[in-house]
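Since we're looking at a predicted model, the values are computed, not measured.
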Amino acid sequence: MTARLKLIALDADDLAVISAHVQDARVKVEDIIWRQGEKRLVIGMNRLDWEQTLAGETSPRRLIAALRFDRVLSCKSRNIDMEASEAGLELLGIEFHADDAPSGSAVLLFSHGGALRLDVECVECELTDLGTDDLGSGELGEDGESSVTDAQGRSP
């Protein structure tokens, strides 16, 4: 097994590296946790082990990972039904749009036009691998719809 990945992003260039590692990650809506009082968004995911794939391994492997954004002022969703907790999403990538430096918006783009927009004080993001997905879970549903809730299950 390759070493577990732990990446920290403190600017747009760092965030682009994290974006490459989470491309095609599977996310369930229930694994999107918005903690408004803590200014934090945490997303559990099953990401492709791109290092293994690029090394020429024949069967792709998924890793269980956590993506965390801190210093988040607001979290808004588009085309994601946050009430459909079992719904699956596919994360396509993350973009950063600077506003009044160092603040701006981190936009998480999902398949089927879904998006999360995080207005942030500054870029402070961490991607951590937690282990291999030995059960093969994380299959996407057909609708690809989802939404964001806080710790009490409320939408932002």
Has [X] got a side-chain atom pairing as donor or acceptor with [Y]'s backbone, closer than 3.5 angstrom?
X   : Y    : value
D11 : D13  : yes
R78 : G113 : yes
D31 : V27  : no

To the nearest 0.5 Å, tell me how far [X] [atom1] sits from [Y] [atom2].
X   : Y    : atom1 : atom2 : value
R40 : I33  : CZ    : CD1   : 11.0 Å
S19 : D14  : OG    : CG    : 12.5 Å
L5  : D49  : CG    : CG    : 8.5 Å
R61 : R47  : CZ    : CZ    : 9.0 Å
L73 : S103 : CG    : OG    : 8.0 Å
H21 : L48  : NE2   : CG    : 12.0 Å

TODO: Say whether L10 and L7 are linked into one hydrophobic cluster, either directly or through other cluster members, by side-chain heavy-atom distances under 4.5 angstrom.
DONE: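 No; tracing contacts between hydrophobic side chains, which count when under 4.5 Å, never links both residues.
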Open item on the list: Would you say L109 ends up clustered with V17 if hydrophobic residues are merged whenever their side chains have heavy atoms under 4.5 Å apart, either directly or through other cluster members?
Closed with: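 V17 does not cluster with L109.
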Do any side-chain atoms of residues 91-100 form donor-acceptor pairs under 3.5 angstrom with protein atoms, and if so which ones, sequence neighbours left out?
| unit_1 | atom_1 | unit_2 | atom_2 | d |
| --- | --- | --- | --- | --- |
| E95 | OE1 | H97 | NE2 | 3.0 |

TODO: Could you list the residues that satisfy side-chain contact (heavy atoms from CB on, under 4.5 Å) with E126, not counting sequence neighbours?
DONE: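 Partners of E126 under the side-chain contact (heavy atoms from CB on, under 4.5 Å) test: K6, I8, R68, T128.
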[Y] side chain reached by [X] side chain, heavy atoms, under 4.5 Å:
X    : Y    : result
V22  : M45  : yes
L89  : S111 : no
E90  : R26  : no
L116 : F110 : yes
F69  : L108 : yes

Open item on the list: On a heavy-atom basis, which atom in A12 and which in V123 lie closest, and how many Å separate them?
Closed with: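 Minimum heavy-atom contact is N-CG2, 4.4 Å.
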Open item on the list: Using every non-hydrogen atom in the two residues, find where L67 and C125 come nearest and quote the distance to one decimal.
Closed with: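 Taking L67 first and C125 second, the nearest heavy atoms are CD1-SG, 3.5 Å.
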Open item on the list: Under the rule for salt bridge (charged side-chain N to carboxylate O under 4.0 Å, His left out), what residues qualify as partners of D119, not counting sequence neighbours?
Closed with: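 Salt bridge (charged side-chain N to carboxylate O under 4.0 Å, His left out) check on D119 returns R117.
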- [ ] Take I64 and T132 through the side-chain contact (heavy atoms from CB on, under 4.5 Å) test and state the conclusion after the steps.
- [x] CA-CA 6 Å; I64 299 169; T132 58; over 6 Å; no
